[in-house]
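Working notes for the structure below.
By convention in this document, chain letters (A, B, ...) are assigned in the order of the sequence lines, proteins followed by strands, and residues within each chain are numbered from 1. None of these values were measured; they are calculated from a predicted model.
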Amino acid sequence: MDVNQQLSTEQSHHEELNELMLRRRVELDELVKKNIDPYPYNYNRTDYSQEVILNFKDDGSQHNVSVAGRIMSIRRMGKASFCHIQDTEGKIQVYLKHDDLGEAYELFKLLDIGDIIGVEGFVFRTKLGEVSIHARRYEVLAKSLRPFPIVKEKIDEQGNRVVYDPFSDKELRYRQRYVDLVVNEKVRDVFIKRTRLLQSIRGFLDSHGYLEVETPILQSMYGGAFARPFVTHHNALDVDLFLRIADELYLKRLIVGGFDGVYEFAKDFRNEGMDRSHNPEFSMLELYVAYKDYFWMMDFVEELISTAAVDVNGVTSWKVGEHEIEFRSPWKRIPMFDAIREYTGYDLSGKEEAELLSIAKKLHIEVEPNAGSGVIIDEIFSELVEPELIQPTFIIDYPIEMSPLAKKHRSKPGLVERFEVIVNGQELCNAFSELNDPLDQRQRFEEQMKLRAKGNEEAQVLDEDYLRALEYGMPPTAGLGIGIDRLTMLFTNQDSIRDVIFFPQMKPEH
RNA sequence: GAGCCCGUAGCUCAGGGGUAGAGCAUCUGCCUUUUAAGCAGAGGGCCGUUGGUUCAAUUCCAACCGGGCUCACCA
């Protein structure tokens, strides 16, 4: 039975499969009939594509290699063929010749783009100059049953890689990230950089003696940020639990417990809207260091991030969107009220709520009635100032109403010792001199509970156990949170959080 | 949640009230250093889903599903 006949009989059994997928199943059956296991258990790969290319010498010596990877293109020319296979490092061309492979060459006709093979052979340079592997043997390692998107590319005269018809459907790319990663090299690079970034930060913190810890994701009480939580249920205890919106209160409990420096790379969950910079599940680094304050933390963050810049990108400055951003320290430090005065012309310091309201109105900022002065100030800041701050900038000294976990400013009444780092018009870090006065903390929680009672769902919840911990005594402490996804966006010049998260949240397919 | 835009072959995209189009991919034939391989031929479509208007809808209209962008939310 030839392939075409087989195709028509198979058709009735696989009504849902399209022609391309049917072909591949027929080929799979052919392989099995020829006693070839299309899904063997291992392969002795000893070499990687780019190493092979780099190590090649045009001195006539014959160097044997064994590589493995996915077939990305095939050019058949009768009794000889070229294909490119792609491994973790990149692509390398393979030359297969009937004279060398005999029967196995016929078998190669059953292989497709997407199949994974192992190749043994010697390295040579083709007439047109590409370092390639002349196959002596090859082995099927996994037959692919679905057609990949075909992305064609060539190297133009300037040596640039030109890509034709890139796989670009965002829905498919996000839902089937595995495909995106195979065919879009730049996507791979983004995620490799993300990992390098985490490695750099972790190395920096470890080398400073801080302890990486893990704290609960399922919490019976959520806190440490303003956000609505995801709620779930524990059957055995018959209680509702919340997915954490932050790990702040647990990390500070560990400072109470006597650790001088703790940090956690945390997945946090916030039940809010989604957009270019928000995914319901996102990554946050939180760090707490005993006996330090927010001044110390500013120096520390500058060093941490500029070090990561060099580790990840080799430089401290690069283009993000339209702007060249310089991460080298020092960064500007501007008190929040000064920044607002600079960008709006209004001095908000010491103003009562009524005055703030009228200024907001003049600035065309809409604020809910009874929002509270903290909210008004924050609205004005985030509407009119934040978008203007492109270079890394510390905004320091926030109104106390907005910061129930931060310590009162040592000299400026009504403010707390808090900073945010704004880069490219977006908040990147948030840090305080941590509030360790248990009585003050109780009052602040009570203020929050009043807001809650008024219907503010995102006001923080009074956490009696956290207060108990503070009552035992927490040393002066500096704390920091860094949005890892946003930092990755800056480091890889991506403008959507979905492009730095492997599997961003999507609506279910069906 | 609102507004705008999109959904056509495996992928990237044209089209448009009357038999559905291209390139790549696939298949057949030729081709033993090609590389966006080439040459000749072929197959492949519930035109997102469901309704409506119409003699006739993939095309126009509505709703729904999914996606994108912008805004709101993210004190």
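- Going from atom CD1 of A/Ile74 over to atom P of B/C24 covers 16 Å, rounded to whole Å.
- Heavy atoms of A/Leu172 sit under 4.0 angstrom from primed sugar atoms or phosphate atoms, though from no base atom.
- On a pure distance criterion of 3.5 Å, no polar donor-acceptor pair joins the side chain of A/Glu457 and the base of B/A75.
- In this entry the distance linking CG of A/Leu145 with P of B/A25 reads 21 Å, nearest Å.
- With the nearest nucleotide of RNA chain B identified for both A/Arg125 and A/Asp165, A/Asp165 has the one nearer the 5' end.
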From CA spacing to verdict: ring pair (Phe, Tyr, Trp, His ring centres under 6.0 Å), A/Phe394, A/Phe419: CA-CA 6 Å; A/Phe394 291 106; A/Phe419 71 78; 5.1 Å; yes

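- Side-chain contact of A/Gln426 with A/Arg276: a donor-acceptor pair under 3.5 Å is absent, judged by distance alone.
- Side-chain proximity of A/Lys507 to B/G66, B/U34, B/A75: nearest is B/G66.
- The CZ atom of A/Arg486 sits 4.5 Å away from atom NE2 of A/His278, with the distance rounded to the nearest 0.5 Å.
- Looking at the side chain of A/Met402, the nearest of the listed nucleotides B/U12, B/U33, B/A75 is B/A75.
- Remark: the A/Gln93 side chain and the B/U34 base include a donor-acceptor N/O pair separated by less than 3.5 Å.
- B/U50 sits 16 Å from B/G7 when the C1' atoms are compared, rounded to a whole Å.
- Evaluation of atom-type donor-acceptor distances gives a pair under 3.5 Å for the side chain of A/Asp275 against the base of B/C73.
- With salt bridges taken as basic N to acidic carboxylate O contacts below 4.0 Å, none links A/Glu446 and A/Lys450.
- In this structure, A/Phe167 reaches the sugar-phosphate backbone alone: every heavy-atom distance under 4.0 Å involves primed, P, OP1 or OP2 atoms, never a base.
- If you check B/G66, B/U32, B/C11 against the side chain of A/Arg175, the one that comes closest is B/G66.
- B/A36 and B/C24 have their C1' atoms separated by 9 Å, given to the nearest Å.
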Heteroatom pairs (N/O) under 3.5 angstrom, protein to nucleotides 5-8 of chain B:
none

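- Within 4.0 Å of A/Asn456, counting heavy atoms only, lies at least one base atom of the nucleic acid.
- A heavy-atom distance below 4.5 Å is not found between the side chains of A/Thr232 and A/Asp240.
- Nucleotides B/G51 and B/A57 are separated by 13 Å at their C1' atoms, to the nearest Å.
- For B/G10, the base is not stacked against the aromatic ring of A/Phe148, per a cut-off of 5.5 Å between centres and 30° between planes.
- Dashed line: the shortest gap from a side-chain N or O of A/Arg498 to OP1 or OP2 of B/G67 is not under 4.0 Å.
- Remark: the separation of the P atoms in B/U12 and B/C4 is 26 Å, to the nearest Å.
- Rounded to whole Å, the distance from CD on A/Glu171 to P on B/C11 is 11 Å.
- You'll find the side chain of A/Gln50 stays beyond 4.5 Å of the side chain of A/Val52, heavy atoms only.
- OP1 or OP2 of B/G68 has not a single side-chain nitrogen or oxygen of A/Arg276 nearer than 4.0 Å.
- Set against B/A72, B/C11, B/G67, the side chain of A/Glu383 has B/A72 as its closest nucleotide.
- Comparing B/A75, B/G67, B/U34 against the side chain of A/Glu130 picks out B/U34 as the nearest.
- For the pair A/Cys83/A/Leu96, a side-chain contact is recorded, criterion being any heavy-atom separation below 4.5 Å from C-beta on.
- Look at the C1' atom in both B/G1 and B/A25: the space between them is 42 Å, to the nearest Å.
- Put simply, CZ on A/Phe124 is 11 Å from C1' on B/U32, counting in whole angstrom units.
- Remark: C1' of B/C74 and CD of A/Glu281 are 17 Å apart, rounded to the nearest angstrom.
- Rounded to the nearest Å, the gap between the C1' atom of B/U58 and that of B/G52 is 16 Å.
- Relative ring orientation between A/Phe124 and A/Tyr95 is described as tilted, the plane-to-plane angle lying within the 30° to 60° band.
- Residue contacts for A/Arg173: at a heavy-atom cut-off of 4.0 Å it reaches no nucleic acid atom on any strand shown.
- A/Thr215 and A/Glu264 are linked by a side-chain donor-acceptor pair at a separation below 3.5 angstrom, with hydrogens and angles left out of the test.
- Aromatic ring centres of A/Phe230 and A/Phe242: separated by at least 6.0 Å.
- The main-chain N or O of A/Ser66 is found under 3.5 Å from a side-chain atom of A/Asp47 such that the two form a donor-acceptor pair.
- Of the candidates B/C27, B/U34, B/G10, B/G10 carries the atom nearest the A/Ile150 side chain, counting heavy atoms from C-beta on.
- Nucleic acid contact for A/Arg76: base, since at least one base atom lies under 4.0 Å from a heavy atom of the residue.
- Summarising the geometry, the separation between CD1 on A/Ile113 and C1' on B/U26 is reported as 10 Å, rounded to the nearest angstrom.
- Between B/C65 and B/C46, the distance separating the two C1' atoms is 16 Å to the nearest Å.
- Nearest to the side-chain atoms of A/Lys170 among the listed nucleotides B/C69, B/G66, B/U34 stands B/C69.
- The aromatic rings of A/Phe502 and A/Phe191 sit parallel, their planes meeting at an angle under 30°, below the 60° perpendicular limit.
- Comparing A/Glu458 and A/Met506 by the nucleotide of RNA chain B that holds the closest heavy atom to each, the one mapping nearer the 5' end is A/Met506.
- Residue A/Gln448 is classed as a base contact, given a heavy-atom separation below 4.0 Å to a base.
- Look at CE on A/Met21: it is 12 Å from P on B/C11, rounded to the nearest Å.
- Ring geometry, A/Tyr138 versus A/Phe108: the interplanar angle exceeds 60°, so the pair is classed perpendicular (tilted spans 30 to 60°).
- For the OP1/OP2 pair of B/C13 and a distance below 4.0 Å, the side-chain nitrogens and oxygens of A/Ser168 include at least one atom meeting the criterion.
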Structure string for RNA chain B in dot-bracket form, Watson-Crick and G-U at under 3.5 Å, | interchain: (((((((..((((....[..)))).(((((.......))))).....(((((..]....))))))))))))....

Base-contact (B) and sugar-phosphate-only (S) positions in nucleotides 39-48 of chain B, heavy-atom cut-off under 4.0 Å, - elsewhere: ----BS----

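- Across all strands shown, A/Arg24 has no heavy atoms under 4.0 Å from either base or sugar-phosphate atoms.
- Side-chain contact annotation: A/Gln62 with A/His134, donor-acceptor N/O pair under 3.5 Å absent.
- In this structure a side-chain-to-backbone donor-acceptor pair under 3.5 Å is missing from A/Asp112 to A/Gly114.
- Figure legend: A/Arg418 and A/Tyr398 shown as a cation-pi pair, the cationic atom lying under 6.0 angstrom from the six-membered ring centre and within 45 degrees of its axis.
- Atom CD1 in A/Ile376 sits about 11 Å away from atom C1' in B/A75, given to the nearest Å.
- Taking the P atoms as reference points, B/U32 lies 26 Å from B/G23, given to the whole Å.
- Looking at A/Thr126, its side chain comes within 3.5 Å of the base of B/U34 through a donor and an acceptor atom.
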